[in-house]
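Treat the numbers as computed from the prediction; the structure is a model and nothing was measured.
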Amino acid sequence: MRREDWTLLTAGLLVVLAAILLIALEPRLPTVDSPSEATAVPTQLLSDPFLQYPTPGAVRVVWFTEFEGQDHQVKWGSPAQQPSASLPNQAAATTTQLPRTREDAQSRLDHPNFADLKQTVPRPIWRHEALVTGLPPGQRVPYQVTSTAADGTTAASRVFTLTGAPIAGQPLKVLLTSDHQNMPMVAANLQKVEETLGQVDAVFFAGDLVNIPDRASEWFDDSRGCGFFPCLQGNTRYGLERNGRTVNYRGGEIIQHAPLFPILGNHEVMGRFAATTPLKDQFGNPVPRPVAVGLYEANADLYNPSGDPALRRQWIINNSFNSDTYEALFSLPVTQVPNPDRPETTSRYYAITLGDIRLVSLYVTQIWRSYDLDAATRGRYQEREADLGTPQNWGHGQHIFEPIERGSLQYQWLEQELASEAFRQAKYKVVMMHHPPHTLGDNIVPPFTTPVPHYDRDGQGQLTAVRYQYPRAQDHIARDLVPLLEQAGVDLVFYGHSHLWNRFVSSRGTHYLETSNVGNSYGAFWKDAARPVPPETIAGSMVTYSPSDYAAQGDPNGLEPVVPTLAPLLDDSGQPLPYIASNDITAFSVFETETGTVSSYYFDTRRPESAVVKFDEFTLGK
């Protein structure tokens, strides 16, 4: 950026300081006491229990209520014990309140405390976590959770089964899924998972769990029947209409028995925090951390006169982006970040061994912005024309949340992980992330790199446009990440983001699988179908968008898609398609370690009586 551009930006930011203060100094979420008797919620569990972070002989059990309560416990038995028998072992849960769960006028829920909302309000929800220990290797035992309210009434779950971390050589069935986002076919998809596969041993979830992560009802009780937990626990009723007929789907009873391993997608990240602004507006309003740091440093004495480092950190998070709700919901392995300046740990990226699998979960995602180029769009390629004089309203293009480029902290951690004994000795090496390294979908364009800003000016030097480019040669995934993974001998890279099914194999034998067709699909761009890409030139602009940077068809990173091996769908001319991108046909995949196979299935919701079809299968290491 030229010196005068930096001057313009700095001057603009200072001019609008008063406006920024309205955001910067907005109060954090108020502390909310338990509901009064007049508005109290029933003494019942808000979710079934689900399993988290198994370790040898132990596993964490998590559930939620809308009351703080006074006693929350998990009870468990022994192998082969009948579910109806008394469960002799018990452990108390640790209870915390979720920090940012809220509802607003766009919430879909039937709840007496949140009817006819005119603005965003907090929704008090408590999370309970108990550690079950002393579990025999490779064996399941029955368990149940109970929560007691302040008045002494107790709510209890049904009896489910759990086990500790699987041991080496133990056969596992792992569900591979992503991008549920409260979409229409999710309940049907997960019901067919349970009916087809039976009980699975783990769930690998490649991001985009819901749409707006701070909206509590999307996780727990969306009135349409598409809430995250109800669908994955078989506790919903989603009416899916096809060809004038509605069929109700219940989801699948899955995570009560199988530990869930999610990662961050773009829909787990909220933007700049505001107490009463609609949640969708906050979600779509993140800015890069350096922008928030610049604002803070320019006015540190005003925002933080005592120089409190904790206040500084929170201010920057509140005024850039956060994944607070996601991190509060889940218990995941903790990573030591290789940061010499500030020692810290994170669960935003992590690694864990499960039987014969070494799972490496990465935080690789960016804000999604519109590809439209009309003057009223704050998009991936431009700022809104109306915002040119107010830089605090800029979106800064499709910026990356957590760096993965060579030399970044996450990249350094990944280098250490790939060189570790646990990774090198694993029979199956699996990497999970959200953003696709290879796909026929829409979301691989533009390249995954830091937006390069360009400033258009008229003859008087006035700013007429702010545009962003994304040079493909600087794609962090293709340039830095993929070579590192392939050199380390990764067997499978699993991801989502584009709401379809397709897969690829590199020349080094690394398999790439995108199996995120569980709801609305936005298409596959193969042969004659073209993605929306910026035109080579824009009238009145000095910027030229090189077609070589923005691929309209195929995989921009050079691999040919693999046609499904068993029963591919056919195009209109009867030729097999190397993808499923449908709003009627939903797909899911499972990895079975006993044989090393990854199998994919589809279900046509237009024919609810039809059988699930296994349409693809491949073996890792081949």
Self-check item: Flag if over 12 foreign heavy atoms under 6.0 Å of CD, Q412
Solution: yes

Quiz item: Is there a donor-acceptor contact under 3.5 Å linking the side chains of Q199 and R140?
Solution: yes

Quiz item: What's the verdict on side-chain hydrogen bond (donor to acceptor under 3.5 Å, both in side chains) for R272 and N285, showing C-alpha distance, side-chain angles and the deciding distance?
Solution: CA-CA 6 Å; R272 286 181 279 190; N285 193 29; 2.7 Å; yes

Self-check item: Side-chain heavy atoms of V61 within contact of V145, under 4.5 Å
Solution: yes

Practice problem: Take V74 and Q90, measure what side-chain contact (heavy atoms from CB on, under 4.5 Å) needs, and give me the verdict at the end. | Solution: CA-CA 6 Å; V74 61; Q90 64 183 43; over 6 Å; no

Quiz item: Heavy-atom distance under 4.5 Å between the side chains of L513 and Y495, does that happen here?
Solution: no

Practice problem: Answer with yes or no whether the side chains of Q398 and Q366 bring together a donor and an acceptor at under 3.5 Å. | Solution: yes

Self-check item: Any side-chain heavy-atom pair of V598 and L620 under 4.5 Å
Solution: yes

Quiz item: After noting the C-alpha distance and the side-chain angles of S331 and R60, does the key distance pass the side-chain hydrogen bond (donor to acceptor under 3.5 Å, both in side chains) rule?
Solution: CA-CA 8 Å; S331 293; R60 292 158 176 78; 5.2 Å; no

Self-check item: Heavy-atom check, side chain of T345 versus side chain of T335, under 4.5 Å
Solution: no

Quiz item: Hey, does the side chain of S157 reach the backbone of Q144 with a donor-acceptor pair shorter than 3.5 angstrom?
Solution: no

Practice problem: Decide salt bridge (charged side-chain N to carboxylate O under 4.0 Å, His left out) for E415 and R406; before the verdict, give the C-alpha distance in whole Å, the side-chain angles of both, and the deciding distance to 0.1 Å. | Solution: CA-CA 10 Å; E415 287 182 305; R406 186 182 297 111; over 6 Å; no

Quiz item: Distance from F50 atom CZ to I254 atom CD1, nearest 0.5 Å?
Solution: 14.0 Å

Quiz item: Salt bridge or not for E66 and R123, using N-O below 4.0 Å?
Solution: yes

Practice problem: Supply the atom-to-atom distance L264 CG to L332 CG, rounded to the nearest 0.5 angstrom. | Solution: 9.0 Å

Quiz item: At what distance, to the nearest 0.5 angstrom, does NZ of K280 lie from OG1 of T277?
Solution: 15.0 Å

Quiz item: Has the side chain of E268 got a donor or acceptor atom that lies under 3.5 Å from a matching backbone atom of G265?
Solution: yes

Quiz prompt | Criterion side-chain hydrogen bond (donor to acceptor under 3.5 Å, both in side chains) on E486 and S506, from CA distance to verdict | solution = CA-CA 9 Å; E486 295 203 354; S506 75; 3.0 Å; yes

Exercise. Measure from the side-chain N and O atoms of E417 to the backbone N and O of V360, and report whether any donor-acceptor pair falls under 3.5 Å.
Key: no

Quiz item: Is the NZ or CZ atom of R503 positioned over Y512's six-membered ring, under 6.0 angstrom from the centre and within 45° of the axis?
Solution: no

Quiz item: Regarding R127 and T96, is there a side-chain donor-to-acceptor distance under 3.5 Å anywhere?
Solution: no

Quiz item: Are R100 and D324 ion-paired here, with the side-chain N under 4.0 Å from a carboxylate O?
Solution: yes

Quiz item: Under the 3.5 angstrom rule, does the side chain of R479 hit a backbone N or O of E405 as a donor-acceptor pair?
Solution: no

Exercise. Flag the pair V431 / L414 as yes when at least one side-chain heavy-atom distance between them is below 4.5 Å, and no otherwise.
Key: no

Quiz item: Rounded to the nearest 0.5 Å, how far does OG1 of T94 lie from CD of E129?
Solution: 7.0 Å

Quiz prompt | Donor-acceptor pair, side chain of Y428 and main chain of T593, under 3.5 angstrom | solution = yes

Quiz item: Is the side chain of D475 donor-acceptor paired with the backbone N or O of F448 at a distance under 3.5 Å, no angle test?
Solution: yes

Quiz prompt | Residue pairs involving residues 207-217 (criterion side-chain hydrogen bond (donor to acceptor under 3.5 Å, both in side chains); sequence neighbours excluded) | solution = R102-D214, E103-S217, D104-R215, Q181-N211, D208-H434, D214-T325, R215-E218

Self-check item: Partner residues of D555 under the side chain to side chain donor-acceptor pair (under 3.5 Å) criterion, sequence neighbours left out
Solution: H438

Quiz item: If we ignore angles and hydrogens, is there a donor and acceptor under 3.5 Å between the side chains of W501 and S516?
Solution: no

Quiz item: Run the side-chain hydrogen bond (donor to acceptor under 3.5 Å, both in side chains) check on E514 and T439 step by step: do they pass?
Solution: CA-CA 7 Å; E514 180 174 12; T439 187; 2.5 Å; yes

Exercise. Could you tell me whether the side chain of Q410 and the main chain of P403 form a donor-acceptor pair under 3.5 Å?
Key: yes

Quiz item: Which residues pass the ring pair (Phe, Tyr, Trp, His ring centres under 6.0 Å) test with F205, sequence neighbours left out?
Solution: H180, F228

Self-check item: Atom CZ of R424 with >12 non-hydrogen neighbours under 6.0 angstrom
Solution: yes

Exercise. Might you work through the side-chain contact (heavy atoms from CB on, under 4.5 Å) test for R313 and I317, ending with a clear yes or no?
Key: CA-CA 6 Å; R313 182 175 184 276; I317 290 172; 3.6 Å; yes

Quiz item: Does L440 offer a backbone N or O that forms a donor-acceptor pair with the side chain of N502 under 3.5 Å?
Solution: yes

Practice problem: Could you label the plane-to-plane angle of the F283 and H267 rings as parallel, tilted or perpendicular, counting under 30° as parallel and over 60° as perpendicular? | Solution: parallel

Exercise. Return yes when atom CD of E297 has more than 12 non-hydrogen atoms of other residues, nucleotides or ligands closer than 6.0 Å, and no otherwise.
Key: yes

Quiz item: Is there a side-chain contact between Y470 and P451, using heavy atoms and a 4.5 Å cut-off?
Solution: yes

Quiz item: Counting only N and O atoms by type, is there a donor-acceptor contact under 3.5 Å from the side chain of Q282 to the main-chain atoms of A274?
Solution: yes

Self-check item: Gap between atom CG of L175 and atom CG of L190 - 0.5 Å precision
Solution: 7.0 Å

Quiz prompt | Qualifying residues under ring pair (Phe, Tyr, Trp, His ring centres under 6.0 Å), relative to Y468, sequence neighbours excluded | solution = none

Practice problem: Answer yes or no: is there a donor N or O on one side and an acceptor on the other, between the side chain of D356 and the main chain of K427, under 3.5 Å? | Solution: no

Exercise. Compare all side-chain heavy atoms of Q97 with those of I125 and state whether any distance is below 4.5 angstrom.
Key: no

Quiz item: Just one of V364, L481, I400 clears the side-chain contact (heavy atoms from CB on, under 4.5 Å) bar with H476, so which one?
Solution: I400

Quiz item: Does a donor on one side chain and an acceptor on the other come within less than 3.5 Å for H435 and T365?
Solution: no

Quiz item: Which ring pair (Phe, Tyr, Trp, His ring centres under 6.0 Å) pairs, counting each pair once, include a residue from residues 399-425, with sequence neighbours left out?
Solution: F321-F401, Y349-W413, H399-F401

Exercise. Please report the C-alpha distance between Y303 and R312 in whole Å, then the side-chain angles of each, then the deciding distance to 0.1 Å, and finally whether the side-chain contact (heavy atoms from CB on, under 4.5 Å) criterion is met.
Key: CA-CA 8 Å; Y303 300 146; R312 177 187 186 276; over 6 Å; no

Quiz item: When the ring planes of F220 and F229 are compared, do they come out parallel, tilted or perpendicular, using 30° and 60° as the limits?
Solution: parallel

Quiz item: Is N557 close to I444 at the side-chain level, that is, under 4.5 Å between some pair of heavy atoms?
Solution: yes

Exercise. Could you verify whether a donor N or O on one side chain and an acceptor N or O on the other, from N443 and W368, lie under 3.5 Å apart?
Key: yes

Quiz prompt | Value rounded to 0.5 Å, distance of OG1 in T65 from CG in L45 | solution = 7.5 Å

Quiz item: Considering residues at least two apart in sequence or located in another chain, which fulfil the ring pair (Phe, Tyr, Trp, His ring centres under 6.0 Å) criterion with W63?
Solution: H128

